[in-house]
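All values derive from a computational prediction rather than experimental measurement.
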Amino acid sequence: MDFVVGDVVRQGFGFANANHAAAAICALFPFCWGWRGGWRWVGLVSSIVLFIMLVMTYSRTGVVVFAVEATLFGWIMSGESRRAHSVRLPIWGFILTVCLVSVAVW
C-alpha cells in the first residue's frame, strides 16, 4: 500500500500506515545481526534489504529506532568493560538527544 504525502510516496508494505511498516521492519533487524560462520552473508543481505525497505517508508522515527538498535547491539557485542561503557554513555545520550530534537523539529 502506497501513501502520498505531498510529493513523496511512502511505502506501507501491506500495512495501513507506513509508520507501522517501519516498526515491523525495526523489530526484524536484531534477528539479522550476529550470524556466524558460513551463513553470515544471509544476515548481512537481510539487513541491507530491511534498511532499504525502512528508507522507503520515510519514517523518521524508524530511522532513529534503527540507530538506537544498532548502537545498543554494537555496545553489547563489543565485550568491553562497564567502565568503558560508562564513559561513552553521556556521548551516546547527547547524540540520541540531538536525533530526537531533529526529528521533532523536522
Enquirer: Starting at OG1 of Thr57, measure out to CD of Gln11 and round the result to the nearest 0.5 Å.
Expert: 9.0 Å
Enquirer: For residues Glu69 and Ala27, report the shortest heavy-atom separation together with the two atoms involved.
Expert: OE2-N, 4.4 Å
Enquirer: If I take atom CH2 from residue Trp41 and atom OG from residue Ser46, how far apart are they, to the nearest 0.5 angstrom?
Expert: 8.5 Å
Enquirer: Which residue is it: Leu50, Val65, Val64, Thr61? I am looking for the one with a side-chain contact (heavy atoms from CB on, under 4.5 Å) to Cys26.
Expert: Val65
Enquirer: Output all residues satisfying side-chain contact (heavy atoms from CB on, under 4.5 Å) with Phe73, sequence neighbours left out; order by chain, then residue number.
Expert: Trp33, Met77
Enquirer: Count I, L, V, M, F, W, Y as connected when their side-chain heavy atoms are under 4.5 Å apart, and connections chain through other members. Are Phe31 and Val42 then in the same cluster?
Expert: no
Enquirer: Closest approach of Phe15 and Ala24, non-hydrogen atoms and distance?
Expert: CZ-CB, 3.7 Å
Enquirer: Val63: which residues meet the side-chain contact (heavy atoms from CB on, under 4.5 Å) condition with it, sequence neighbours left out?
Expert: none
Enquirer: If you measure from CG on Leu44 to CH2 on Trp39, what distance do you get to the nearest 0.5 Å?
Expert: 14.5 Å
Enquirer: State the OG-CE distance between Ser59 and Met53, to the nearest 0.5 angstrom.
Expert: 13.0 Å
Enquirer: Would you check, one step at a time, whether the test side chain to side chain contact (heavy atoms under 4.5 Å, CB included) holds for Ile48 with Ile52?
Expert: CA-CA 6 Å; Ile48 292 169; Ile52 291 170; 4.1 Å; yes
Enquirer: According to side-chain contact (heavy atoms from CB on, under 4.5 Å), who are the partners of Val55, at least two apart in sequence or on a separate chain?
Expert: Phe51
Enquirer: What are the two closest non-hydrogen atoms of Ala22 and Gly62, and how far apart are they?
Expert: CB-CA, 4.4 Å
